[in-house]
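In what follows, a single structure is set out as structure tokens and then discussed.
For ligands, and for the atoms within them, numbers begin at 1 and follow the listed sequence.
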Amino acid sequence: MKIDIKALTQSDDQYIFEMIEEIGLGENGFTTNFTNHDYEEFKNSLPRLIEISKGINLPDGYVQQTIYWMYINDRPVAYGKLRHKLNDRLLEYGGHVGYIVRPSERGKGYGKLFLSELKKSAKSIGIEELLITCDENNLRSRRVIESNNGVLEKINEGICKYWINL
Ligand SMILES: CC(C)(COP(=O)(O)OP(=O)(O)OC[C@H]1O[C@@H](n2cnc3c(N)ncnc32)[C@H](O)[C@@H]1OP(=O)(O)O)[C@@H](O)C(=O)NCCC(=O)NCCS
């Protein structure tokens with residue numbers, strides 16, 4: 001099995017766009033960065049997302065964030081976000097990482113694999129304690145986090161707060 005983790009780039013094309021269309025608006029607190037499913041608009045939105053990944057012209061209250069894709073045997077199967085640091089809001093809801101596996105590729109272990117790869121990316125930018133928040137009833141994602149050594153700090157109003165020591 002060939003596994004590739006790639007940050008979003010301007011050359012992302014139809015293959016990524018198809019995954020984004022399949023993912024739709026997102027689920028369980030993961031929200032897409034691409035609400036309007038139009039290929040041209042998708043292409044036009046990439047430069048701004050690259051700026052945000054570099055921390056350029058961040059709006060107030062935003063933190064630097066990089067979008068990653070996971071490819072299995074050259075097919076994009078998952079979409080993730082890595083925030084380079086936390087703010088007060090993310091500390092309670094959102095955390096450092098969010099991920100989603102495209103519906104047609106779920107249940108194959110890719111969620112677990114993707115988080116293990118995102119941990120490496122987080123470590124490489126200097127994060128030592130990785131925060132992930134997750135709905136209490138999202139059992140699949142909780143399995144993904146727990147099998148990546150997530151330690152549950154608390155459950156507050158239906159939201160689990162997990163930390164992973166990197
Ligand atoms: C959560 C999500 C990323 C998991 O991805 P996935 O590739 O399907 O997960 P995996 O195949 O790695 O499996 C993870 C766990 O879920 C379990 N699982 C997988 N498919 C399942 C199913 N149909 N029913 C019940 N459990 C299932 C697996 O058995 C595994 O648990 P285990 O270690 O006890 O065996 C995916 O369901 C998803 O994208 N959900 C919507 C977005 C979301 O919830 N993101 C997380 C926000 S915190």
Side-chain angles (χ1 to χ4, degrees), residues 1-8 12 15-37 42 45 49 52-53 62-123 125 127-166:
M1 185 166 83
K2 180 168 174 271
I3 306 161
D4 293 294
I5 305 293
K6 296 184 187 167
L8 175 148
D12 287 334
Y15 291 104
I16 291 292
F17 180 67
E18 281 168 17
M19 173 169 76
I20 282 163
E21 279 190 302
E22 185 181 324
I23 284 170
L25 295 178
E27 285 163 70
N28 305 327
F30 183 98
T31 54
T32 184
N33 298 84
F34 311 94
T35 43
N36 188 340
H37 293 155
F42 160 73
S45 67
L49 293 167
I52 290 171
S53 173
Y62 268 60
V63 300
Q64 197 174 344
Q65 168 180 282
T66 304
I67 292 175
Y68 287 98
W69 318 119
M70 181 169 75
Y71 293 76
I72 299 292
N73 299 330
D74 297 322
R75 172 173 158 81
V77 301
Y79 162 6
K81 301 176 192 177
L82 174 64
R83 296 167 189 121
H84 297 217
K85 61 180 191 180
L86 299 173
N87 59 23
D88 290 347
R89 187 179 50 86
L90 292 169
L91 189 60
E92 288 315 311
Y93 188 70
H96 285 107
V97 289
Y99 45 80
I100 190 162
V101 173
R102 67 193 293 178
S104 59
E105 299 288 347
R106 290 185 189 164
K108 299 179 180 178
Y110 295 158
K112 288 182 182 179
L113 178 64
F114 192 29
L115 182 55
S116 73
E117 294 293 328
L118 291 171
K119 281 162 59 179
K120 295 180 200 164
S121 306
K123 194 169 180 176
I125 58 167
I127 296 172
E128 291 174 357
E129 292 283 337
L130 188 76
L131 178 66
I132 308 178
T133 69
C134 170
D135 292 350
E136 182 178 8
N137 60 10
N138 189 353
L139 299 181
R140 285 196 213 188
S141 185
R142 292 181 65 180
R143 289 294 307 150
V144 166
I145 299 165
E146 285 165 9
S147 60
N148 274 285
N149 301 323
V151 176
L152 183 62
E153 179 198 318
K154 64 172 181 184
I155 304 179
N156 187 24
E157 294 179 6
I159 305 296
C160 301
K161 212 171 156 179
Y162 282 99
W163 292 94
I164 301 178
N165 186 301
L166 300 179

> So Y15 and D74, side chain to side chain donor-acceptor pair (under 3.5 Å) or not? Walk me through it.
Replying inline: CA-CA 10 Å; Y15 291 104; D74 297 322; over 6 Å; no
Without placing hydrogens or testing angles, list every side-chain donor-acceptor pair under 3.5 Å for residues 159-166, not counting sequence neighbours.
residue: K161; atom: NZ; partner: L91; partner atom: O; Å: 3.2
residue: K161; atom: NZ; partner: E92; partner atom: OE2; Å: 3.4
residue: Y162; atom: OH; partner: R142; partner atom: NE; Å: 3.0
residue: Y162; atom: OH; partner: E146; partner atom: OE2; Å: 2.5
residue: W163; atom: NE1; partner: E153; partner atom: OE1; Å: 2.6
residue: N165; atom: ND2; partner: E129; partner atom: OE2; Å: 2.8

>> Any side-chain to backbone donor/acceptor pair from K119 onto N148? Under 3.5 Å, distance only.
In response: yes
> Counting only N and O atoms by type, is there a donor-acceptor contact under 3.5 Å from the side chain of Q64 to the main-chain atoms of S53?
Replying inline: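 Checking the backbone N and O of S53 against the side chain of Q64, a donor-acceptor pair under 3.5 Å is found.
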> If you count the non-hydrogen atoms of other residues, nucleotides and ligands that lie under 6.0 Å from NZ in K108, is the total more than 12?
Replying inline: yes
>> So if I only count non-hydrogen atoms and take anything under 4.0 Å from ligand 1, which residues does that give, chain by chain?
In response: E27, N28, Y99, I100, V101, R106, G107, K108, G109, Y110, G111, K112, T133, C134, N138, R140, S141, R143, V144
>> Can you tell me which residue among F30, F17, Y99 is in a ring pair (Phe, Tyr, Trp, His ring centres under 6.0 Å) with Y79?
In response: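 When F30, F17, Y99 are each tested with Y79, the ring pair (Phe, Tyr, Trp, His ring centres under 6.0 Å) holds only for F30.
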